[in-house]
Amino acid sequence: MDAKNEIKHLRSEIARHDRLYYLQASPEISDFEYDALFAKLKRLEAEHPELVTPDSPTQKVGGAPVDGFAQVEHAVPMLSLDNSYSIEDVREFDARVRKSLPAQESPSYVAELKIDGVSVSLTYRGGVLWRAATRGDGAVGDDITENVKTIKSVPLRLKGQFDPGEEIEVRGEVYIPRSDFEKMNEEREAAGEQLLANPRNATAGSLKLLDPKMAAKRPLSVFIYWLRAAENRMPDSHSGCLDMIREMGLPVEPHAEALRDVDALVAHLEKWESRRSELDYETDGMVIKVNSMAHQKALGGTSRHPRFAIAFKYPPEQKETVVVSIEVQVGRTGKLTPVANLEPVRLSGTIVKRATLHNRDEVERLDIREGDRALVRKAGEIIPQIVAVVKEKRDGSEKPFAFPEQCPVCGSETSRQEGEVDVRCVNPFCEAQLRERLAHFCSRQAMDIENAGPSLINQLVDKGLVHDFGDLYALTREKLESLDRMAEKSAANVIEAIDRSRKAPLDRLIFGLGIPMVGTRTAKQLADEFGSLDAIASADAERLTQVTDVGPRVAASVKEYFQRDAAKNVVEKLRAAGVNMTQEWRADGPRPLDGLSFVITGALSRPRDEIKRDIENAGGKVVSSVSKNTSFLVCGEDAGSKLEKANKLGVPVIDEAALARMLSQS
């Protein structure tokens, strides 16, 4: 067999085995045998580069990094779905559908599990993957073709015969399976890195990586649920579209089901409320669609939602588990936070082992004890919290928890200020506080010292190399190389990050100092008002309260901080190390966003605090909730209630590209 035919045969075999593995879960060969086929194809293509084609399986490993993402206009807008939260809502939806259709025509439905991932559009030309894009604002998204090519379950060529210029578009949800997400977090924990919050956020971040080779390392998968093709190809039902998508070699969530009427639909929804937790991917509801394509066309849609589909959201999942023990953690401000250690339980896609109890009052309110059985859920589908104690299941072996009178780390006294719920350690040199303060100082919102994670900080404190922020700037490569898991390259990266932080804006330094009650917004206001750290440190309380949003308590906190000898010593260390202590103002005159207020929502290509900083530097104000006074909603992927409220109130919605254009105005 000549090289051309052998390459063609290998590609066909690899594509067949990909379908068997990713779509049918019935592999015929071992991983070793598959890898051997792949290696042989790579070798032959290397020997005959003129035979390499865009749809070859070898092109999934990731191309060269890109500078940014081009904008893609969707041929058909990617509309969001209206939400329903009860069976009554579903029946009302059915009534609206029936009212809009001829009396003699009864609608049937298709219910598909709603995958908690990131929406994408894939366009094939002549059967070959041509372009992939994010949802964006529904009309325009980002071109993420190179990253999507690395997803193993996405075929670069569809099965079947297609005309050379024929265009087929499919849409779906990219996600990370639960088991793979847990493995990723286990590896990050072992490496001392910050854990990922949830699979959906990890998916969104992976798709926005500028280096496709990095994206190729992420365990991304996809389910397709929508089809656009030439009229003569389109089936007459949505269930027929799903069948056609499968026949083309694309993955479809296997539990989609056609249902004859609303009663069958309701029974299906109730059946899956508990069953969905058994799956290896996160779901937060069901997508319900009218099955007939003719009915869909007749029903049409609004500017925001199709009238033939609705998203049914299940209530937050909660499960019962055992409170194994209760411990108290000490934060950077000395705050004592009780935390319940739990028997591991799978909840909303991840294994939950711990849940915060917030403060002493919450412990007393719950009357929670070690050994209790408790109901746990995730607040906002992210943060584990204990809802209630199942007191009727107590057997007398449970141990009441006594909140400590001394700091559990340093043994110092604790105090609780009048009007506050938090109990704090009063020792400013408490080792636990030092670790948390250093982590805060190095965080992205503060001095942004990359690679200074918990593992490194713990070693620096344990070995006595760092006693305060200023000591970070006295570190050398030689000192770092003496630590565990610190090779020459790793040490050099940390030193480089520390050097970069010397030039951080003043407001980042102020926030990094960890002054009680001074967040990023207040830090920015202080920096803009005074212009230097020395001016802030020497200001009296009356002068401080002249700053927007700085009241008497915040002013007292700032004044008290800079009066401490320890703070004065740290500031002098930072000054001697060349850390920037002045604010660089923009040129005089109006800034492009003066007087405008913004709300930020959805999954974005950059950290939210960076976007917030850009807006504030241009004179704008970032607020947390949408109101009729909001100037703009900056919207990323998979926005939720804030987008709905903005549309309801008529607040303009813009994407990152539109914001960038506003920022560039002089």
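The basis for the numbers below is simple: all heavy atoms, side chains too, and nothing from hydrogens, waters or symmetry mates. If you read the sequence from its start, that first residue is 1, and numbering goes on from there.
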For [X] and [Y], does a side-chain donor sit closer than 3.5 Å to a side-chain acceptor?
X    : Y    : value
E105 : H295 : yes
Q71  : D142 : yes
H255 : E257 : no
E112 : H238 : yes

Pair K648 + E644: basic N to acidic O under 4.0 Å: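 Between E644 and K648 there is no salt bridge, as every charged N stays at least 4.0 Å from the carboxylate O atoms.
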Cationic N near anionic O, under 4.0 Å, E146 to K149: yes
4.5 Å side-chain heavy-atom contact, M184 and I176: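 Yes, close enough: below the 4.5 Å cut-off.
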For [X], enumerate each residue passing the salt bridge (Lys or Arg N to Asp or Glu O under 4.0 Å) test, keeping only those at least two apart in sequence or located in another chain.
X    : result
R91  : D263
R200 : D638
D180 : none

Within residues 225-245 or reaching into it, pairs that qualify as salt bridge (Lys or Arg N to Asp or Glu O under 4.0 Å) - sequence neighbours excluded: E166-R233, E167-R228, E169-R228, D243-R246
Step-by-step salt bridge (Lys or Arg N to Asp or Glu O under 4.0 Å) determination, E47 to R43: CA-CA 6 Å; E47 293 172 357; R43 177 177 57 79; 3.4 Å; yes
All ring pair (Phe, Tyr, Trp, His ring centres under 6.0 Å) counterparts of F93, not counting sequence neighbours: none
Sequence-distant partners of K645, side chain to side chain donor-acceptor pair (under 3.5 Å), two or more places apart: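 Scan of K645 (side chain to side chain donor-acceptor pair (under 3.5 Å), adjacent residues dropped) gives none.
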Output field: ring centroids F223/Y281 closer than 6.0 Å: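 Between Y281 and F223, which both carry aromatic rings, the centre distance is below 6.0 Å.
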